[in-house]
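Notes for the one structure printed next.
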Amino acid sequence: MKEADRCVVLPCGGEGQRLELPYPKELHVVLPGKSLIDFTLERLANLTRPFCVVVILSSGKDAIRRHLERRWPHLDVRYVLQSEPGFVGALWATVPELRTSNLLLLPDQWLEEEGALEAAFALLENGASTAVLSHQPRDRSSIADDGALRVEEGCVLAMEEKPGPVRAQEFNAIWCGIGFQGRVAPELFRSLGALCAKGAYSPEEWLASPLYRAPALTVRDYIDLGVWKRLVAFQKRSLK
């Protein structure tokens, strides 16, 4: 069988501090028969070419592996153990498993992407080094506590991590996925590390980042389900 040249990366090694659950947040049952992580995996059904899924786990999260083996036995899932702390530390663990084209998604989100995932892979396969899935929320105040973007004419012109209510006015979108070619992974991970450490890039760091002027693909609807308020609202809406 030909090795898949697409890879979807799911970081599941975090502590889930926002939900404060006694078990991995990815396994929290949101709707009957459906856990948080299942929403993200459902989005992969429309991909047109073979892909693998690389799941980043930390110590004590073997229950996620058991869930995926039971619920998603048809997927080609690889597991890596997070050895370095933090979000970017998790990403470095994936390097041996990355493919030519890769897409980083989060395991606690719901998105209505209408082909954006396939479009991101297509951009990478046609030469783009990176591509960003972006969502423009109706309520701009929500940008304050998210990964903020300024998107103009389909390109990412600025990026900041949780800019706060004042600086949030300088942005118009949030990111909900990052596509990248395997060859730029080290450069991208170092760039994201600088962003996570300081919350914002210096002008020099941003100009050197693989994400500078990356093509932005619009996700029509997106909900961060890792926050109780949004999770409960999503449950009520879905169960009507």
Side-chain angles (χ1 to χ4, degrees), residues 3-14 47 49 51-58 78-107 109 116-135 146-163 170-171 173-219:
E3 186 80 3
D5 58 2
R6 290 178 170 187
C7 172
V8 175
V9 175
L10 291 180
C12 299
L47 293 178
R49 290 171 55 179
F51 64 91
C52 67
V53 180
V54 174
V55 177
I56 310 163
L57 299 177
S58 58
R78 324 287 175 88
Y79 299 91
V80 297
L81 185 63
Q82 179 172 347
S83 57
E84 298 294 329
F87 173 66
V88 178
L91 296 182
W92 280 108
T94 67
V95 170
E97 295 288 352
L98 294 177
R99 299 294 184 264
T100 305
S101 301
N102 308 277
L103 182 58
L104 167 66
L105 297 175
L106 302 176
Q109 63 184 1
L117 273 63
E118 179 65 30
F121 275 120
L123 281 171
L124 299 172
E125 289 154 3
N126 282 285
S129 296
T130 58
V132 178
L133 301 182
S134 68
H135 171 64
D146 266 307
L149 303 173
R150 187 168 79 250
V151 176
E152 295 180 14
E153 298 182 349
C155 292
V156 178
L157 298 186
M159 186 173 189
E160 195 163 309
E161 181 67 14
K162 298 179 181 178
E170 300 178 22
F171 302 90
I174 57 179
W175 73 265
C176 44
I178 297 176
F180 59 97
Q181 290 195 15
R183 62 178 176 80
V184 304
E187 184 182 359
L188 174 64
F189 296 169
R190 284 191 291 269
S191 177
L192 290 174
L195 178 62
C196 291
K198 299 186 295 184
Y201 288 113
S202 69
E204 296 77 16
E205 287 171 333
W206 177 233
L207 289 174
S209 172
L211 294 169
Y212 175 67
R213 296 194 66 83
L217 296 160
T218 300
V219 170

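- With a 4.5 Å cut-off on side-chain heavy atoms, Arg190 and Glu205 do not count as touching.
- In this structure a side-chain-to-backbone donor-acceptor pair under 3.5 Å is missing from Glu187 to Val184.
- Salt bridge status for Glu153 with Arg213: absent, with no side-chain N to carboxylate O gap under 4.0 Å.
- Counting only distance, with no hydrogens or angles, the side chain of Tyr201 and the backbone of Ser191 share a donor-acceptor pair below 3.5 Å.
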Between Leu104 and Thr94, does a side-chain contact (heavy atoms from CB on, under 4.5 Å) hold up when you go through it step by step?
CA-CA 11 Å; Leu104 167 66; Thr94 67; over 6 Å; no
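- Summarising the geometry of Glu161 relative to Gly147, their closest heavy-atom pair is OE1-CA, 3.7 Å, with the distance given to 0.1 Å.
- Gln82 places no side-chain N or O within 3.5 Å of a backbone atom of Ala93 that could act as its donor or acceptor partner.
- The ring pair (Phe, Tyr, Trp, His ring centres under 6.0 Å) check on Phe121 picks up nothing, with sequence neighbours excluded.
- Of the possible polar contacts, one joining the Gln109 side chain to the Cys176 backbone as a donor-acceptor pair under 3.5 Å is found.
- Considering only heavy atoms from C-beta on, Val9 comes within 4.5 Å of Leu98 through its side chain.
- Here the side chains of Val54 and Asn102 are not in contact, with every heavy-atom distance at 4.5 Å or above.
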Stepwise side-chain contact (heavy atoms from CB on, under 4.5 Å) check, Arg49 with Asp5
CA-CA 9 Å; Arg49 290 171 55 179; Asp5 58 2; 2.6 Å; yes
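- In this structure the side chain of Leu105 reaches within 4.5 angstrom of the side chain of Leu133, judged on heavy atoms.
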Evaluate the side-chain contact (heavy atoms from CB on, under 4.5 Å) criterion for residues Asp146 and Lys162: first the C-alpha distance (whole Å), next the side-chain angles of each, then the deciding distance (0.1 Å), finally the verdict.
CA-CA 5 Å; Asp146 266 307; Lys162 298 179 181 178; 6.0 Å; no
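- A 6.0 Å sphere centred on CD of Glu84 holds no more than 12 heavy atoms belonging to other residues, nucleotides or ligands.
- Ring geometry for Phe87 against Trp175 counts as tilted: the plane angle lies between 30° and 60°, on a 0 to 90° scale.
- The two residues Val132 and Ala214 have their closest heavy-atom pair at CG2-CB, 4.1 Å.
- The two residues Val219 and Ala116 come nearest to each other via the heavy atoms CG2-CB, 4.3 Å.
- Judged as a ring pair (Phe, Tyr, Trp, His ring centres under 6.0 Å), and not counting sequence neighbours, the contacts of Trp92 are Phe189.
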In sequence, state the C-alpha distance, the side-chain angles, and the governing distance for Leu211 and Leu192, and then conclude on side-chain contact (heavy atoms from CB on, under 4.5 Å).
CA-CA 9 Å; Leu211 294 169; Leu192 290 174; 3.9 Å; yes
